[in-house]
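The block underneath contains the structure these notes are about, expressed in structure tokens.
Hydrogens, waters and symmetry mates play no part in the numbers below; they use all other heavy atoms, side chains included.
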Amino acid sequence: MSIEVMMIQELNSVLLVLYLLFLIWILRTSALKHNWRQQTYLNLALCAAAGLLCLWRIRAGIFPGLDLHFLALPLITLMFGWRSAILIASLPQLILLLLGVDLWQHAAGLLWLGVALPIMISYLWLSLCHTLLPKNLWFYVFAGAFANGALIYALRTASLGLWYQGWYGWEVIVDNYLILIPLFLMPEAMLNGFPTVLLVVYKPQWLATWNEQQYLHSKDKRE
């Protein structure tokens with residue numbers, strides 16, 4: 001075993017421990033901690049985790065680890081907020097690791113770069129849209145869900161591509177992983193956007209980031 005491989009494995013272990021501490025920290029202030037006794041909220045969170053597990057199990061790829069699949073992480077962020085979304089999305093990722101679908105040597109990258117970072121950037125993007133754009137239903141849906149989905153997919157895939165350089169050459173990563181990003185952007189945008197529209201119409205109470213008073217009845221409309 002080369003020194004480089006041993007260093008990568010040690011880094012993976014350290015990052016996994018840090019991720020566990022990170023989960024404990026966000027759990028203390030998450031809505032999931034305060035609402036898990038509510039049956040409706042708990043069922044919704046478990047269904048979201050199960051949905052992600054099924055969605056992430058459907059994937060395509062040639063090299064181990066260089067698999068592409070749809071995410072729906074911005075949708076989960078819109079529904080639960082960033083803290084609870086990270087907790088919920090971490091569960092199916094850990095299950096896939098335990099089942100051997102994903103490799104343990106990629107665990108730290110998949111959790112930090114594949115779950116935590118995309119969700120935090122997704123929430124940051126939503127916050128920027130809320131601050132800089134008119135508080136309007138259409139901006140919430142198209143910028144906060146559709147555009148958010150495409151943006152997060154591209155950023156997540158690119159960041160994981162950098163992580164996989166420890167195992168594959170850059171040409172392999174580009175030709176078998178990064179080059180496929182454009183094919184997934186529109187479907188990923190629709191995967192996050194259309195359910196958001198349905199939730200706004202039929203189940204707005206399921207969207208933690210939705211405020212009907214602001215987005216539908218606000219008088220602060222920018223020209």
Side-chain angles (χ1 to χ4, degrees), residues 31 44-45 47-61 67-90 92-93 110 113-161 177-218 220-223:
L44 183 61
C47 287
L52 289 180
L53 178 62
C54 295
L55 183 66
W56 294 357
R57 184 62 185 87
I58 304 172
R59 54 182 62 194
D67 300 315
L68 289 166
H69 58 78
F70 295 113
L71 304 177
L73 290 177
L75 175 62
I76 301 300
T77 306
L78 292 174
M79 292 178 63
F80 296 97
W82 73 271
R83 292 179 180 85
S84 296
I86 290 176
L87 293 168
I88 291 169
S90 295
Q93 183 57 75
L110 289 169
L113 302 178
V115 174
L117 183 63
I119 288 176
M120 288 189 288
I121 293 178
S122 176
Y123 191 80
L124 176 61
W125 171 261
L126 181 65
S127 300
L128 289 175
C129 293
H130 179 81
T131 302
L132 301 177
L133 298 177
K135 296 176 178 61
N136 182 283
L137 167 64
W138 305 111
F139 285 104
Y140 179 83
V141 170
F142 286 104
F146 281 95
N148 199 352
L151 172 67
I152 294 308
Y153 190 90
L155 290 176
R156 178 188 186 272
T157 307
S159 60
L160 281 176
Y177 192 65
L178 300 182
I179 197 174
L180 299 175
I181 290 177
L183 298 178
F184 282 79
L185 294 184
M186 184 58 69
E188 182 69 29
M190 293 188 292
L191 178 63
N192 291 275
F194 287 136
T196 300
V197 173
L198 294 176
L199 289 175
V200 168
V201 174
Y202 296 106
K203 290 290 183 180
Q205 68 273 20
W206 287 5
L207 290 167
T209 56
W210 171 256
N211 188 315
E212 183 174 337
Q213 188 64 34
Q214 286 186 338
Y215 288 106
L216 291 182
H217 305 298
S218 176
D220 181 20
K221 304 292 185 181
R222 300 182 183 179
E223 297 296 335

Report yes if some heavy atom in the side chain of [X] is under 4.5 Å from a heavy atom in the side chain of [Y]; otherwise report no.
| X | Y | result |
| --- | --- | --- |
| Asn136 | Tyr215 | no |
| Trp82 | Leu126 | no |
| Gln214 | His130 | yes |
| Leu55 | Leu191 | yes |
| Phe80 | Leu207 | no |
| Leu75 | Met79 | yes |

Non-hydrogen atoms of [X] and [Y] that approach each other most closely:
| X | Y | answer |
| --- | --- | --- |
| Ile181 | Ala158 | CD1-N, 4.4 Å |
| Thr157 | Tyr153 | OG1-O, 2.8 Å |
| Gly81 | Ala208 | N-CB, 4.0 Å |
| Pro92 | Trp56 | CG-CZ3, 4.1 Å |
| Met190 | Phe146 | CA-CE2, 3.9 Å |
| Ile88 | Ala48 | CG2-CB, 4.2 Å |

Would you tabulate the side-chain donor-acceptor contacts of residues 193-203 under 3.5 Å, counting partners in other chains and residues two or more places apart, or write 'none'?
| residue | atom | partner | partner atom | Å |
| --- | --- | --- | --- | --- |
| Thr196 | OG1 | Asn192 | O | 2.6 |

First locate atom [atom1] of [X], then atom [atom2] of [Y], and finally report the distance between them rounded to the nearest 0.5 Å.
| X | Y | atom1 | atom2 | result |
| --- | --- | --- | --- | --- |
| Leu78 | Trp210 | CG | CH2 | 11.0 Å |
| Ile76 | Leu87 | CD1 | CG | 12.5 Å |
| Thr77 | Asn148 | OG1 | CG | 7.0 Å |
| Leu160 | Leu155 | CG | CG | 11.0 Å |
| Cys47 | Leu52 | SG | CG | 11.5 Å |
| Ile152 | Leu185 | CD1 | CG | 11.5 Å |

Under 3.5 Å, is there a donor-acceptor pair between the side chain of [X] and the main chain of [Y]?
| X | Y | answer |
| --- | --- | --- |
| Ser122 | Pro118 | no |
| Trp125 | Ala143 | yes |
| Glu188 | Leu71 | yes |
| Ser159 | Arg156 | yes |

- Message: More than 12 heavy atoms of other residues, nucleotides or ligands under 6.0 Å from CZ of Arg57: yes or no?
- Response: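 Result for CZ/Arg57: open.
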- Message: Counting only heavy atoms from other residues, nucleotides and ligands, does the tally under 6.0 Å from OH of Tyr123 exceed 12?
- Response: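 Count not over threshold, so no.
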- Sequence-distant partners of Thr209, side-chain hydrogen bond (donor to acceptor under 3.5 Å, both in side chains), two or more places apart: Tyr140
